[in-house]
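What follows is one structure encoded as structure tokens, with my remarks underneath.
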Amino acid sequence: MASDLEKTVRDVCQRYGNDRTRMMDIVTDVQRVHGHVSGEAMDLIAAAVGTARVEVESVVTFYAFLTSRPKGKVIIRLCNDVIDRMKGADRVEKAFEEALGIRAGETTPDGVISLERTPCIGMCDQAPAAVINEVVVTSLSTDKAREIVARLKMGVPPKRLILEYGDGANAHDLVRAEVKNNIRRAGPVVLADYVAGSGLRKALAMSPVEVIREMKASRLRGRGGAGFPLGMKWEFTRNAAGSRKYLVCNADEGEPGTFKDRVILTERPHLLFEGMTVGGYAIGADSGILYLRAEYTYLRAWLEQILAERRDRGLLGRNIMGKAGFDFDIRIQMGAGAYVCGEETSLLSSCEGTRGDPKNRPPFPAQKGYLGAPTAVNNVETLCCVARIMEKGAGWFAEMGSEVSSGTKLLSVSGDCSAPGVYELPFGVTLAELLVLVGAPDAQAVQMAGPSGQLLARGDFGRKICFDDLATGGSVMVFGPDRDLLEIVDGFLEFFIEESCGYCTPCRVGNVLLREGLGRIRAGHGTPDDLTYLKSLAESVKTLSRCGLGQTSPNPVLTALRSFRPVFEQRLVALKDGLLPTFDLKAAVSTAEGITGRQSAHH
Ligand code: SF4
């Protein structure tokens, strides 16, 4: 007789057509039933989909939200990014630990509750926050942490921990989240009201080539940070050889400090799906994939319902809006907790059911992407702009913003400011103007574009937010005058070390060495040579790393050295008689002296 595990694996694999490219869904579903994906489960899955066990295991061990070992039925994943720590995540962690009687990384002896740390979960505007199974809890205090543990111990399921719902669709029956949108400034492009079908109708009245021409006329550039012209990307994809093409939306915003996609997915899903549909029409694709980060699983049922509604209304499916021969549908692919999957080729690897390893480029996804077919990978905000451009016209859009950056930009603002949240502003706004809006008159520094961006000092605040000056995917972290900037840089390096996929040595080892070098300076053991070493090591890591993660991970060090060199210099050891204190013998033996209770004989 088949065991429970055998039945689960058989049912789950059949649900996905025994298709090994759906490995992410298969292992996630098996884990949902059995709590983990055991070695036995891996063998069964491998046999069912016709692959090697190692292929299954490499997926299960790569993603933070998957596990091959049993964990608690309830997993508390407490966000420990820089902003959450600034807002008290360390105190909250201690409260969780005390109430549970375990340390972070452990499971209670009864096997019920695990406590883990996790990098950014997209809630920096309401930090500290955590994900408990799939339920997000925000604005945590030590009292709230203790209360949560007390209720979990009483057997209250995570879903019932939420006592008050957030605003807008957060209160919808299919979401029921305490998350707040914190929309502080709604602009005319992404956050304005939208009537489903209005942009798509106009697109379908044109030819696909005319739609691409409209995108070019609007001068729309990708909102993910790189700013590649959208019309050109679609043209490459459309013209690439291949009978089947795909459109993939990257909703894996994992850059610490970014949370605008969360708000779009909650409040403007029609706008997004409509942009994807227009994209499918323009490039000649019949399938779209929304790659949704695991931290946003709480939005999945809501998004599936919007997709179902669009199918019912003829906005997805066959002969869309009566356009004979235009068939397009969208499926949601869940991620499983890997920052590197925000990089488009890693994301495609993940969609194909493997580890989120980056791929060599060329070929670019437009030539050879998902399952080897030409694929346009676009950002959530970019696709929303597409639908709005179709509704209002390229000219209307191009008139907004600055000369080379048309339209608006959504900014996720967090940190030391009185009004954290989402701001939709025209490109060209200065950082100083933004800081007034968000209530941060005394900011000493701003981290622009997340940890992979740049740390800016007051001298940079007059600069403009746009592609030709301060380019950003949307993350803006504000640091007040009392923050220790080296501690913040250290936090960013810790994040990159954790998220490196480990494929190439410069990134895997270089970031660790950078952190050690910074640690020497923070501990008061650094010399002027350490600054030279840090700079040259950081440049090597940037130059020699294989993908965008390693190529940008040293930016916190380099930009902090550029903007805040005196902060480093203040921590350096003063030279004595022109000699470098390369080894502090007294400090080195002090621990041993403390343990033995004796003084060493040294001079
Ligand atoms: Fe992996 Fe880092 Fe190399 Fe990218 S740069 S392939 S994340 S090790």
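Computed over heavy atoms, backbone and side chain alike; hydrogens, waters and symmetry mates excluded. All ligand and atom numbering here is 1-based and tracks the order in the structure. Keep in mind the model is a prediction, meaning the values are calculated, not measured.
- Note on Arg262 versus Asp125: salt bridge recorded, some NZ/NE/NH1/NH2 to OD/OE distance being below 4.0 Å.
- Those atoms of ligand 1 with a heavy atom of Ser500 less than 4.0 angstrom away are 2 (Fe), 8 (S).
- The pair Arg22-Asp25 meets the salt-bridge criterion, since a charged nitrogen lies less than 4.0 angstrom from a carboxylate oxygen.
- A donor-acceptor pair shorter than 3.5 Å can be found between the side chains of Ser452 and Glu255.
- Listed by number with element, the atoms of ligand 1 under 4.0 angstrom from any heavy atom of Ser545 are 5 (S).
- Shown in contact with Gly550 at under 4.0 Å from a heavy atom are these atoms of ligand 1, numbered in order with element: 5 (S).
- Shown in contact with Leu549 at under 4.0 Å from a heavy atom are these atoms of ligand 1, numbered in order with element: 7 (S).
- Close contacts of ligand 1 with Cys504, meaning ligand atoms under 4.0 Å from a residue heavy atom, involve 3 (Fe), 5 (S), 8 (S).
- A salt bridge links Lys260 with Glu381: the distance from a Lys NZ or Arg NE/NH1/NH2 to an Asp or Glu carboxylate oxygen falls below 4.0 Å.
- Residue contacts with ligand 1 for Cys547 involve both N, CA, C or O and side-chain atoms from C-beta outward (heavy atoms, distance under 4.0 Å).
- With ligand atoms numbered from 1 in the order given, ligand 1 contributes 1 (Fe), 6 (S), 8 (S) to contacts under 4.0 Å with heavy atoms of Tyr503.
- The contact set between ligand 1 and Gly502, taken as ligand atoms under 4.0 Å from a residue heavy atom, comprises 1 (Fe), 8 (S).
- Around the NZ atom of Lys542, the shell of radius 6.0 Å holds more than 12 heavy atoms that belong to other residues, nucleotides or ligands.
- Annotation: atom 1 (Fe) of ligand 1 to nearest protein heavy atom, Cys501 SG, 2.3 Å.
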Exercise for review: May I have the step-by-step check of side-chain hydrogen bond (donor to acceptor under 3.5 Å, both in side chains) for Tyr16 and Asp29, ending in yes or no?
Suggested key: CA-CA 10 Å; Tyr16 297 104; Asp29 284 7; 2.8 Å; yes
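- Under the 6.0 Å distance and 45° angle rule, Arg77 counts as a cation-pi partner of Phe65.
- In this structure, the protein non-hydrogen atom closest to atom 2 (Fe) of ligand 1 is Cys507 SG, 2.4 Å.
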